[in-house]
Q: 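Below is the structure I would like to discuss, written out as structure tokens.
Side chains included, hydrogens not; waters and symmetry mates left out as well; all remaining heavy atoms used.
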Amino acid sequence: MEFKDAEQEKITIYWWNFGNKTLDFKGTYKDFLLKKGIKISKIKDSYYKITYSAGNSKFVIKSYVTDFIDLFDIAIKSYLTYLGDKTKFEAYNRTYLLNWND
């Protein structure tokens, strides 16, 4: 799948606010990445750099990937994990439960 095609895949993200499930985002990978200021740039061939800020921290992740869905998932899971809220991330026939300590 090409980068532009993968960007258009639908995702849904829920988080729990004081024990209540709340829809945080429903749309495409591209829309979520833009909304949260997560940038992905190609370094060379299959090497990519993911950058984002959360709070007072800035993160840079360098990754070798051959699947753009995996690249986007790495970026979003990293971002959501750092935020620390209990989160359910549904994307491309996969479900990720992040920050679930029980």
Side-chain angles (χ1 to χ4, degrees):
M1 180 180 299
E2 296 296 320
F3 189 90
K4 296 285 184 192
D5 295 330
E7 282 184 315
Q8 297 308 313
E9 289 293 325
K10 302 288 186 197
I11 66 171
T12 305
I13 298 172
Y14 298 95
W15 66 284
W16 275 253
N17 184 15
F18 299 104
N20 295 319
K21 183 178 179 182
T22 304
L23 176 63
D24 181 57
F25 181 83
K26 187 170 186 136
T28 65
Y29 278 110
K30 181 179 181 176
D31 292 338
F32 184 83
L33 296 172
L34 285 172
K35 179 180 178 182
K36 300 300 180 179
I38 301 170
K39 296 182 177 132
I40 298 175
S41 54
K42 189 173 187 176
I43 299 171
K44 65 177 184 174
D45 297 325
S46 295
Y47 288 90
Y48 291 85
K49 180 170 74 170
I50 300 164
T51 56
Y52 65 89
S53 296
N56 293 325
S57 300
K58 181 176 180 179
F59 298 88
V60 176
I61 301 167
K62 293 181 181 175
S63 183
Y64 173 84
V65 293
T66 57
D67 182 316
F68 295 120
I69 296 294
D70 287 342
L71 178 65
F72 299 152
D73 287 351
I74 289 166
I76 293 171
K77 289 187 303 182
S78 169
Y79 176 80
L80 295 172
T81 299
Y82 176 77
L83 293 180
D85 294 318
K86 188 175 180 179
T87 307
K88 182 177 182 181
F89 168 35
E90 299 172 341
Y92 202 67
N93 299 317
R94 300 172 184 166
T95 298
Y96 303 102
L97 299 176
L98 306 167
N99 301 318
W100 290 61
N101 296 324
D102 31 271

Q: Give, for atom CD of Glu9 and atom OH of Tyr92, the distance between the pair rounded to the nearest 0.5 Å.
A: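 The distance works out to 5.5 Å.
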Q: Same hydrophobic cluster for Trp16 and Ile11, using side-chain heavy-atom links shorter than 4.5 Å among ILVMFWY?
A: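 Trp16 and Ile11: separate clusters.
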Q: Is it true that Leu34 and Tyr79 fall in one hydrophobic cluster, defined by side-chain heavy atoms closer than 4.5 Å?
A: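 As far as the 4.5 Å side-chain criterion goes, Tyr79 and Leu34 are not connected within one cluster.
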Q: Distance from Trp15 atom CH2 to Thr87 atom OG1, nearest 0.5 Å?
A: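 One gets 9.0 Å once the value is rounded to the nearest 0.5 Å.
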Q: Using the rule that Ile, Leu, Val, Met, Phe, Trp and Tyr join whenever any side-chain heavy atoms are under 4.5 Å apart, tell me whether Ile40 and Met1 fall into a single cluster.
A: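 Same cluster: Ile40 reaches Met1 through Ile, Leu, Val, Met, Phe, Trp or Tyr contacts under 4.5 Å.
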Q: Count I, L, V, M, F, W, Y as connected when their side-chain heavy atoms are under 4.5 Å apart, and connections chain through other members. Are Tyr14 and Leu83 then in the same cluster?
A: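 No: no chain of side-chain contacts under 4.5 Å links Tyr14 to Leu83.
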Q: Measuring only between side-chain heavy atoms, which start at C-beta, is Arg94 closer than 4.5 Å to Asp70?
A: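 Yes; the side chains approach each other to less than 4.5 Å.
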Q: Do Asn99 and Leu80 have side chains that approach each other closer than 4.5 Å (heavy atoms only, starting at C-beta)?
A: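 Asn99 vs Leu80: side chains apart.
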Q: Look at atom NZ of Lys30 and say whether more than 12 heavy atoms of other residues, nucleotides or ligands are closer to it than 6.0 Å.
A: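 Atom NZ in Lys30 is not crowded, with 12 or fewer foreign heavy atoms closer than 6.0 Å.
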Q: What residues, two or more places apart in sequence or in another chain, satisfy salt bridge (Lys or Arg N to Asp or Glu O under 4.0 Å) together with Glu90?
A: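 For Glu90, the residues satisfying salt bridge (Lys or Arg N to Asp or Glu O under 4.0 Å) (neighbours in sequence not counted) are Lys88.
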Q: Given the rule that I, L, V, M, F, W and Y join up when any side-chain heavy atoms are under 4.5 Å apart, are Ile43 and Ile38 in one cluster?
A: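 Per the 4.5 Å side-chain linkage, Ile43 and Ile38 are not co-clustered.
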Q: Hey, would you say the Phe25 and Phe89 ring centroids sit under 6.0 Å apart?
A: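 Not under 6.0 Å, so no.
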Q: For Asn20, check side chain to side chain contact (heavy atoms under 4.5 Å, CB included) against everything at least two apart and list the hits.
A: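 Checked Asn20 against side chain to side chain contact (heavy atoms under 4.5 Å, CB included); zero matches.
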Q: With the side chain counted from C-beta on, respond yes when Thr28 and Lys10 share a heavy-atom pair under 4.5 Å apart, and no when they do not.
A: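 A side-chain contact exists here, since the closest heavy-atom pair is under 4.5 Å.
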Q: Just how far is it from atom CZ of Phe72 to atom CD1 of Ile50, taken to the nearest 0.5 Å?
A: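 Reported value, rounded in 0.5 Å steps: 9.5 Å.
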Q: Once side chain to side chain donor-acceptor pair (under 3.5 Å) is applied, what residue pairs with a partner in residues 45-63 remain, sequence neighbours excluded?
A: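 Of all non-adjacent pairs touching residues 45-63, those that pass side chain to side chain donor-acceptor pair (under 3.5 Å) are Tyr52-Ser78, Ser57-Tyr82.
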Q: Return the CG to OG1 distance between Leu98 and Thr95, rounded to the nearest 0.5 Å.
A: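 Taking CG in Leu98 and OG1 in Thr95, the distance rounds to 10.5 Å.
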Q: Just so I know, are the side chains of Tyr29 and Ile76 near enough to count as touching, which here means a heavy-atom distance under 4.5 Å?
A: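 When only atoms from C-beta onward are counted, Ile76 and Tyr29 do touch, with a gap below 4.5 Å.
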Q: Could you tell me the separation between the CG atom of Asp73 and the CZ atom of Phe68, rounded to the nearest 0.5 Å?
A: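 Answer rounded to 0.5 Å: 13.5 Å.
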Q: Atom CD in Glu7, atom CG in Asp31: separation rounded to 0.5 Å?
A: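 Glu7 atom CD to Asp31 atom CG measures 9.5 Å (nearest 0.5 Å).
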Q: Might you point out which heavy atoms bring Asp67 and Ile69 nearest each other, and give the distance in Å?
A: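 Looking at all heavy atoms of both residues, the shortest contact is OD1-N, 2.8 Å.
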